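Input: a single structure, listed below in structure tokens.
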Protein chains: 4
Amino acid sequence: MARAKNEDKRALILLTSKTLFAQKGFFNTSISDIVSETGLPVGSIYTYFKNKEEIVKVIVEEGWADLHARLLDHFRSTKDPLEKLQALIETFLPGLFDDLDLINILLAEALDYTRIEEKLEELTKMIFSVLRSLAKNNDIKLEYSKKEMEVALIVYFLGILHAVKLARSTDIGVSIPEIMEFVKKSIEKTMGLKV
Amino acid sequence: MARAKNEDKRALILLTSKTLFAQKGFFNTSISDIVSETGLPVGSIYTYFKNKEEIVKVIVEEGWADLHARLLDHFRSTKDPLEKLQALIETFLPGLFDDLDLINILLAEALDYTRIEEKLEELTKMIFSVLRSLAKNNDIKLEYSKKEMEVALIVYFLGILHAVKLARSTDIGVSIPEIMEFVKKSIEKTMGLKV
Amino acid sequence: MARAKNEDKRALILLTSKTLFAQKGFFNTSISDIVSETGLPVGSIYTYFKNKEEIVKVIVEEGWADLHARLLDHFRSTKDPLEKLQALIETFLPGLFDDLDLINILLAEALDYTRIEEKLEELTKMIFSVLRSLAKNNDIKLEYSKKEMEVALIVYFLGILHAVKLARSTDIGVSIPEIMEFVKKSIEKTMGLKV
Amino acid sequence: MARAKNEDKRALILLTSKTLFAQKGFFNTSISDIVSETGLPVGSIYTYFKNKEEIVKVIVEEGWADLHARLLDHFRSTKDPLEKLQALIETFLPGLFDDLDLINILLAEALDYTRIEEKLEELTKMIFSVLRSLAKNNDIKLEYSKKEMEVALIVYFLGILHAVKLARSTDIGVSIPEIMEFVKKSIEKTMGLKV
DNA sequence: AATGAATGAGTCTTCATTCAT
DNA sequence: TATGAATGAAGACTCATTCAT
């Protein structure tokens with residue numbers, strides 16, 4: 001009885017807000033902007049979300065969960081660490097780069113709204129374990145300690161995200177394929193193998 | 001004298017705003033916060049700056065100019081590219097890392113208020129020319145093209161800044177000295193020499 | 001059976017609302033508060049009551065009717081005006097004082113939602129007639145005219161209620177037994193007899 | 001320099017709000033009502049008061065302080081306790097009754113916004129000391145203990161205020177002069193003297 | 001009848017900027 | 001020039017009530 005909560009509306013609010021937050025920033029996007037853009041009445045925003053802050057939080061949380069799940073899928077589809085690495089580079093990263101809105105939000109506001117450090121740690125661990133297996137399998141002597149790898153991965157990941165963001169929104173003179181190429185070459189150099 | 005007093009006020013506004021913007025963000029800092037913190041009357045803020053936006057712009061612009069000048073000073077103090085590189089690593093970077101407030105502002109809001117891409121380009125060019133001389137002087141065959149170096153420098157620079165920011169404000173499990181160490185090692189690996 | 005269930009719901013709404021209105025006030029109590037506290041669906045509130053206002057009105061109306069009925073019962077149980085007076089003082093007043101929630105609502109909002117003056121008049125008449133019979137029976141010469149008695153009863157009644165309210169909710173330094181004692185002594189003084 | 005805060009505006013806001021609060025109640029009076037009625041811009045309300053709640057608090061606080069001061073003046077103007085009592089009855093009470101708006105606010109909302117019990121205690125002490133001197137001077141044996149007097153004064157005061165409120169706003173059948181008369185007679189009875 | 005999502009007018013409050021003094 | 005009161009559009013959010021299911 002009574003109307004059931006409408007999943008489509010929730011999704012519409014999230015999608016619209018994500019675009020707006022990415023374009024204009026969280027603070028420059030008003031609830032009234034979201035209302036105009038979605039065509040929903042103000043009240044409806046609040047039947048689906050406690051407040052404006054919760055909207056960003058959910059965008060980040062669900063966006064990240066999605067990325068994470070996709071990566072896990074790729075990792076589970078093979079045992080070979082090299083294939084895992086390839087999946088990471090050829091499928092996961094481009095997929096992530098497509099979600100520029102999420103990247104924007106993550107880099108701009110996520111710090112205040114979600115534990116970004118936990119997410120980075122999750123990711124770092126997964127990649128580190130792949131690289132280690134890869135090294136083991138191919139008899140590669142890694143020149144970096146665990147801690148060094150950790151630092152490297154964090155710096156790379158944040159750097160790549162930010163570079164992609166700038167690549168799309170400014171005249172930085174660097175393209176996304178070039179960034180992809182850089183990532184690939186770096187890994188190849190570090191691991192001494194072709195991907 | 002009166003002039004000096006005015007400069008003091010301007011500087012006070014900039015310093016206070018910088019701290020506040022870095023701590024609470026641009027949008028969560030009100031002019032009235034700046035007024036309370038500086039003890040100046042509201043009107044004064046507007047005799048020194050056109051509006052709130054101009055305050056961030058000046059903070060970023062002057063902050064960057066300062067960094068840039070410091071780097072140039074170091075570069076001019078020697079002809080030896082290795083010494084230049086060392087100055088970069090041992091003086092410039094730590095100096096930059098000390099200005100965490102500026103880093104915070106640059107990464108969070110700068111995009112909207114200043115041409116960060118131009119600044120990155122400036123920096124990239126300087127470093128690139130150092131590395132090239134270094135390679136030439138030491139007969140190192142650089143394995144990266146100019147474009148690749150550009151991409152690499154951008155990714156590294158942004159990644160390092162963001163990592164430092166996170167290192168200070170969250171529990172990311174990575175310290176600034178570790179980040180410094182990573183930078184050094186990366187350069188040594190890439191250039192095949194000790195710094 | 002189904003009917004009984006409905007009566008239960010209606011009663012639950014009234015009881016819960018009464019507590020909430022007394023605790024937080026009518027305007028600080030939202031329908032949603034009543035919903036949370038009762039566990040009933042919002043819609044149910046509106047199948048039992050036209051709107052929020054009607055809930056207070058019913059609380060006051062039924063609460064008063066109950067008090068009135070109890071008083072009448074006591075009065076009917078005896079012919080002796082002295083016993084009536086005693087019933088009034090020893091049973092009715094303490095009973096009323098126990099319904100602090102009703103007192104709170106009556107004093108705070110009743111004016112807007114119910115004809116409190118009619119209720120006061122009803123009560124005043126009953127008490128006045130008791131006192132008159134008492135005076136007659138005991139050959140007491142009342143020093144107050146009818147009008148004066150009316151004023152006195154109104155002032156006393158309102159003053160007592162408000163004092164009880166304050167006694168319970170603030171640190172007024174006066175207890176309910178002390179108020180009871182004052183009432184008794186006043187009547188004894190006025191009527192020149194022991195109760 | 002700059003405009004000085006305008007005492008007239010502050011007074012206008014207080015006066016207007018007092019009337020509105022008394023007429024429609026605190027919760028039924030919106031800031032926007034105050035704005036319409038005063039003709040001031042919204043912002044101005046907030047340059048003079050922190051928020052809506054502060055407006056009531058100030059109304060009550062300043063209103064009470066005024067009453068209190070007036071009473072003190074009367075008390076200081078004479079040493080004779082009988083004259084003090086007369087001042088109380090013939091000047092202070094009528095003055096208070098004229099400020100019906102304040103009475104309304106005091107009885108309706110004061111509990112939540114001001115320590116009404118402290119105010120009652122202040123008043124009670126003053127009156128009690130007058131009555132005691134009076135008793136002493138005239139060799140009257142007071143039949144009430146200090147505590148009893150306290151209770152009596154509280155009940156009387158609250159009862160009178162509430163009765164006056166009802167007398168003005170409803171059809172309670174009792175007039176303010178009649179209430180005044182009752183007060184006078186009660187005191188005369190209790191103290192055994194003419195006022 | 002029962003339900004609870006839907007609605008949007010209305011709430012209080014903020015705040016960058018202006019301008020009278 | 002220095003000041004800080006004045007301004008009002010815009011902000012996020014609430015909530016009694018309705019009505020589709």
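Atoms considered below: every heavy atom in the structure, side chains included; atoms not considered: hydrogens, waters and symmetry mates. Naming: A, B, ... by sequence-line order, numbering from 1 per chain. Keep in mind the model is a prediction, meaning the values are calculated, not measured.
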Quick one, C:N104 and C:L100 - any side-chain contact, counting heavy atoms below 4.5 Å? yes
Can you measure B:I13 atom CD1 to F:dT3 atom P for me and round it to whole angstrom units? 11 Å
Nucleotide nearest A:P41 (side chain, heavy atoms from C-beta), chosen from E:dT7, E:dA16, F:dT21: E:dT7
Where each residue is assigned the nucleotide of DNA chain F containing its nearest heavy atom, which of D:N6 and B:S44 is assigned the position nearer the 5′ end? B:S44
Both C:G43 and A:L40 contact DNA chain E. Taking the nearest nucleotide for each, which residue is further toward the 5' end? C:G43
Could you state the atom-to-atom distance from NZ of A:K5 to C1' of E:dG4 in whole Å? 9 Å
Re F:dA12: Watson-Crick or G-U wobble partner, both distances kept under 3.5 Å, found to be E:dT11
Please determine, for the side chain of C:K9, which listed nucleotide (E:dA2, E:dT13, E:dT17) has the closest atom? E:dA2
The side chain of B:I31 is closest to which nucleotide in this list: F:dA6, E:dA16, F:dC13? E:dA16
In whole angstroms, the gap separating C1' of E:dC15 from CD of B:E53 amounts to 16 Å
By the definition salt bridge (charged side-chain N to carboxylate O under 4.0 Å, His left out), identify the one residue from B:R10, B:K57, B:K18 that meets it with B:E62. B:R10
Proximal nucleotide (of F:dA16, E:dT17, E:dA16) relative to the C:Y46 side chain: F:dA16
Should B:Y46 and B:I31 be marked as a side-chain contact (heavy atoms from CB on, under 4.5 Å) after you check the CA-CA gap, both sets of side-chain angles, and the distance that decides it? CA-CA 10 Å; B:Y46 287 87; B:I31 291 290; 3.7 Å; yes
When all nucleic acid strands are considered with a 4.0 Å heavy-atom cut-off, which category describes C:K50: base, sugar-phosphate, or nothing? nothing
Value in whole Å for how far the C1' atom of F:dA5 lies from CZ of D:R3: 5 Å
d(CD, B:E54; P, E:dT17) in whole Å: 11 Å
What is the distance from CD1 of A:I34 to P of E:dG8, rounded to the nearest Å? 18 Å
Is there a Watson-Crick or G-U wobble partner for E:dC19 with both distances under 3.5 Å, and if so, which one is it? F:dG4
What is the nucleic acid contact for A:Y48, judged by heavy atoms within less than 4.0 Å: base, sugar-phosphate only, or nothing? sugar-phosphate
Mapping A:K52 and C:K52 onto DNA chain F by nearest heavy atom, which one lands closer to the 5' end? A:K52
Nearest-angstrom distance from the residue atom CG of C:L20 to P of F:dA16: 12 Å
Side-chain heavy-atom pair B:Q23, B:T19 within 4.5 angstrom cut-off: yes
Any base atoms under 4.0 Å from D:T47, or only sugar-phosphate, or nothing? Heavy atoms, all strands. base
Just the rounded figure in Å: distance from C1' of F:dA12 to CG of B:N28. 14 Å
Is any side-chain heavy atom of C:I55 closer than 4.5 Å to one of C:F21? yes
